[in-house]
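One is the number of the first residue; the rest follow in order along the sequence.
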Amino acid sequence: VQLQASGGGLVQDGGSLILSCAASGSIFSGVAMGWYRQAPGKQRELVATTTSGGTTNYADSVKGRFTISRDNAKNTVYLQMNGLRPEDTAVYYCNADPSGTYYFQGKWGDYWGQGTLVTVSS
């Protein structure tokens, strides 16, 4: 599975961004997908995941502000981010779990995109 993330940038506190991650090399509709982020000096953390069937899961810190979605016809997963805060500043990575089982175990999948930087200014 190859993943190509895009859509990061600089936004003001309270602003919005949408990240996209295009996948190739597998049957996308059967692959669980997720977004993770890593802030400077911190560990990589879960943001949101979606199963192949569209069941979603979010970190508590982003619930009600971020929405993960997928378009199987376009082999793409999205992360709509609203109400951005300075603490959301991080490199955001898309992730793929073809097994469909890792996210339920609290693990990330085997495949990563290259990361896209989101910076929220106060």
Side-chain angles (χ1 to χ4, degrees):
V1 179
Q2 293 82 46
L3 304 173
Q4 182 70 40
S6 61
L10 174 64
V11 65
Q12 290 188 332
D13 191 356
S16 298
L17 280 175
I18 183 165
L19 305 183
S20 301
C21 177
S24 61
S26 186
I27 302 174
F28 178 80
S29 61
V31 177
M33 299 292 298
W35 288 97
Y36 289 75
R37 67 186 181 186
Q38 188 166 16
K42 295 188 176 181
Q43 292 186 332
R44 193 169 297 189
E45 64 177 5
L46 168 73
V47 177
T49 61
T50 177
T51 67
S52 58
T55 300
T56 57
N57 181 55
Y58 296 92
D60 287 343
S61 59
V62 307
K63 281 181 181 176
R65 300 188 297 124
F66 291 10
T67 302
I68 188 171
S69 63
R70 61 191 299 155
D71 185 337
N72 290 337
K74 295 182 178 179
N75 286 3
T76 301
V77 63
Y78 304 96
L79 185 68
Q80 174 70 52
M81 305 185 292
N82 299 326
L84 283 161
R85 305 166 180 167
E87 55 264 37
D88 295 317
T89 295
V91 177
Y92 284 70
Y93 298 90
C94 62
N95 179 263
D97 170 25
S99 77
T101 62
Y102 284 8
Y103 296 156
F104 295 114
Q105 301 175 53
K107 302 176 183 178
W108 49 59
D110 291 332
Y111 301 94
W112 293 97
Q114 83 283 11
T116 184
L117 177 63
V118 172
T119 303
V120 185
S121 63
S122 57

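The minimum heavy-atom distance between Asp13 and Ser122, with the atom names listed, is CB-CA, 4.2 Å.
The line from SG of Cys21 to CG of Leu3 is 4.5 Å long, rounded to the nearest 0.5 Å. Here the CG atom belonging to Asn75 is positioned 8.0 Å from the OG atom belonging to Ser29, to the nearest 0.5 angstrom. The line from CG of Leu17 to CG of Leu10 is 9.0 Å long, rounded to the nearest 0.5 Å. Annotation: the span from Gln38 atom CD to Leu117 atom CG amounts to 12.0 Å, rounded to 0.5 Å. The CD atom of Glu45 lies 5.5 Å from the OG atom of Ser61; values are rounded to the nearest 0.5 Å. Rounding to the nearest 0.5 Å gives a distance of 13.5 Å between OH of Tyr36 and OH of Tyr93.
Criterion: ILVMFWY side-chain heavy atoms under 4.5 Å apart, direct or through other members. Under it, Leu84 and Tyr58 are part of a common hydrophobic cluster. Cluster annotation: Val118 and Leu46 are assigned to distinct hydrophobic clusters (Ile/Leu/Val/Met/Phe/Trp/Tyr, side-chain heavy-atom contacts under 4.5 Å, transitive). At a threshold of 4.5 Å between side-chain heavy atoms, the hydrophobic network of Ile, Leu, Val, Met, Phe, Trp and Tyr places Phe28 and Trp108 in two separate groups. Cluster annotation: Trp112 and Tyr92 are assigned to distinct hydrophobic clusters (Ile/Leu/Val/Met/Phe/Trp/Tyr, side-chain heavy-atom contacts under 4.5 Å, transitive). Hydrophobic clustering (side-chain heavy atoms under 4.5 Å, transitive across Ile, Leu, Val, Met, Phe, Trp, Tyr) keeps Val91 apart from Leu79.
Judged purely by atom type and a 3.5 angstrom limit, Thr116 uses its side chain to pair as donor or acceptor with the backbone of Gly8. Remark: the backbone N or O of Ala90 is not paired with any side-chain donor or acceptor of Arg37 at under 3.5 angstrom. Although no hydrogens or angles enter the test, the distance criterion places a donor-acceptor pair under 3.5 Å between the side chain of Arg70 and the main chain of Thr51. Between the Thr119 side chain and the Thr89 main chain, no donor and acceptor come within less than 3.5 Å of each other.
Pairs engaging residues 78-87 under the side chain to side chain donor-acceptor pair (under 3.5 Å) rule: Ser16-Asn82, Gln80-Asn82 [sequence neighbours left out].
Looking at Asp97 and Lys107, no side-chain N of the basic residue comes within less than 4.0 Å of a carboxylate O on the acidic one, giving no salt bridge.
Counted within 6.0 Å of CD on Gln43, heavy atoms from surrounding residues, nucleotides or ligands total 12 or fewer; the atom is thus considered open.
Taking 4.5 Å as the limit, every side-chain heavy atom of Trp35 sits out of range of all side-chain heavy atoms of Thr49. Side-chain contact between Ser52 and Val31 is absent, with no heavy atoms from C-beta onward closer than 4.5 Å. A heavy-atom distance below 4.5 Å is not found between the side chains of Met81 and Val47.
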| request: Show the numbers, then the answer: is there a side chain to side chain contact (heavy atoms under 4.5 Å, CB included) between Phe104 and Asn57? | output: CA-CA 10 Å; Phe104 295 114; Asn57 181 55; over 6 Å; no

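Tested against Asn95 for a side chain to side chain donor-acceptor pair (under 3.5 Å), the candidates Tyr102, Tyr111, Tyr103 yield a single pass: Tyr103.
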